[in-house]
2 protein chains.
Amino acid sequence: MTTRTAAERQADARSAHLVRVAACPANRLLERVGEKWTALVLKELAGGPRRYGDLARTLAGVTPKMLTQTLRRLERDGLVARTVTPAVPVRVEYALTALGQSLMPVLRATADWAERNMDQVEAARRSYDAAQRRSS
Amino acid sequence: MTTRTAAERQADARSAHLVRVAACPANRLLERVGEKWTALVLKELAGGPRRYGDLARTLAGVTPKMLTQTLRRLERDGLVARTVTPAVPVRVEYALTALGQSLMPVLRATADWAERNMDQVEAARRSYDAAQRRSS
DNA sequence: CAGCATCCCTTGAGATACTG
DNA sequence: CAGTATCTCAAGGGATGCTG
């Protein structure tokens, strides 16, 4: 059977594109950095190596689960290095790798834009929402 | 009752920090841009105004729902302008606003880093995953 | 053409409790 | 100290069908 319905061809075009989207480097990076705690953790580590409990205290709203998950993903990506010092009690330090450090200027540029412009974005949101309410 | 348990104080510290996280401009920006289709749509619009159906065809994997949702959010943020030309059939164009255009260099820098370094990230992932399998 | 409405499933993420 | 394990809930995101 080489005949295929239009629906099948369309579905294939979709998933083929989804594969390309997933393969797009910029997208994959943005999805990772866009995760809730990733940017915060990177920002903390930019100041130098930090211990797990130290990070947990600084990012007061993070649960152990999310902190570990975030650090593990960054470690898996090669952006963060995890160092265990066998002692009692155990000492675990997290630090940016060279690759991780090379990312920081990009993050800084993003943060700079945000600080300069997010108030405009906020204003736009308020005006948009107000217009929505009027027309409902 | 002014006495409060440790758990209550901790919960308060958490939510207080969550408010601050949500208020952090850089985080809010990254969460928006990290959404699945946002960066793709911005990239398309960087080349000039585009029609809805045009975008839908170019981003072959997107459903109408997600495309509309993405465009609406960008419009609400003041990054994209929506222009309806009343005709038959209707013609709707989306274009970057000045604010949206000012964001593009930042996105470009991010994309550049990604293109130069995501293969290293990929390699790190493979080696991390291989190490995991060995120890399981 | 440019969507909206509905259903459904997966994932993200928080709370809570326990451990080497 | 530095996690792991389990549960739960809401949100994100996709499929499908309908409409001004």
Side-chain angles (χ1 to χ4, degrees), chain A residues 5-8 10-15 17-19 21-22 27 30-38 40-41 49-73 75 82-94 132 135-136, chain B residues 5-8 10-19 21-22 27 30-38 40-41 49-73 75 80 82-94 132 135-136:
Chain A
T5 66
E8 281 172 337
Q10 188 183 13
D12 280 9
R14 270 203 181 149
S15 53
H17 188 267
L18 286 182
V19 169
V21 166
N27 248 312
L30 285 168
E31 287 190 8
R32 171 56 34 94
V33 177
E35 285 161 14
K36 188 152 188 183
W37 299 100
T38 304
L40 277 323
V41 167
R50 302 284 296 274
R51 297 184 59 178
Y52 181 92
D54 189 10
L55 288 170
R57 269 184 302 279
T58 307
L59 308 173
V62 76
T63 56
K65 175 188 157 186
M66 290 315 295
L67 182 54
T68 300
Q69 186 177 103
T70 303
L71 287 166
R72 282 300 187 312
R73 286 178 177 173
E75 187 195 359
R82 176 173 181 268
T83 314
V84 182
T85 307
V88 181
V90 201
R91 177 188 183 89
V92 181
E93 268 197 350
Y94 293 90
Q132 289 307 305
S135 70
S136 72
Chain B
T5 67
E8 282 171 336
Q10 189 184 12
D12 281 9
R14 270 199 182 156
S15 53
H17 188 266
L18 287 182
V19 168
V21 166
N27 247 309
L30 285 168
E31 288 190 6
R32 169 55 36 92
V33 177
E35 286 162 14
K36 188 155 189 182
W37 300 100
T38 303
L40 277 324
V41 167
R50 303 283 295 274
R51 296 185 59 177
Y52 181 92
D54 188 11
L55 289 170
R57 268 184 303 279
T58 308
L59 309 173
V62 74
T63 56
K65 175 188 158 186
M66 291 314 297
L67 182 54
T68 300
Q69 186 177 105
T70 303
L71 288 166
R72 282 300 191 295
R73 286 177 178 174
E75 187 194 359
V80 161
R82 176 173 181 268
T83 312
V84 183
T85 305
V88 182
V90 201
R91 177 188 182 91
V92 181
E93 269 198 352
Y94 292 89
Q132 289 307 304
S135 69
S136 72

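To find a chain, count down the sequence lines: A is the first, B the second, and so on, and within it residues start at 1.
Dashed line: the shortest gap from a side-chain N or O of A/Arg82 to OP1 or OP2 of D/dG3 is under 4.0 Å. For the OP1/OP2 pair of C/dC1 and a distance below 4.0 Å, the side-chain nitrogens and oxygens of B/Tyr94 include no atom meeting the criterion. For C/dA2, the OP1/OP2 oxygens have no side-chain nitrogen or oxygen of B/Arg50 closer than 4.0 Å. The phosphate of D/dA2 (OP1 or OP2) has no side-chain N or O of A/Arg91 nearer than 4.0 angstrom. One finds no side-chain N or O of A/Arg51 lying less than 4.0 angstrom from the OP1 or OP2 phosphate oxygen of D/dC1.
Straight-line distance from the CD atom of B/Glu31 to the P atom of C/dA13: 8 Å, rounded to whole Å. Rounding to whole angstrom units, CD of residue B/Glu93 and C1' of C/dA2 are separated by 13 Å.
Checking D/dA2, C/dA2, D/dT4 against every side-chain atom of A/Thr68, the shortest atom distance belongs to D/dT4. Nearest to the side-chain atoms of B/Met66 among the listed nucleotides C/dG14, D/dG13, C/dG12 stands D/dG13. Distance from the side chain of A/Arg73 is smallest for C/dG12 among the nucleotides D/dC1, D/dG3, C/dG12. If you check D/dG12, D/dG3, D/dC1 against the side chain of A/Pro89, the one that comes closest is D/dC1. When distances run from any side-chain atom of B/Trp37 to the nucleotides C/dG20, D/dT4, D/dG14, the shortest one goes to D/dG14.
For B/Lys65 and C/dA5, a side-chain-to-base donor-acceptor distance below 3.5 Å is absent, hydrogens and geometry of angles not being considered.
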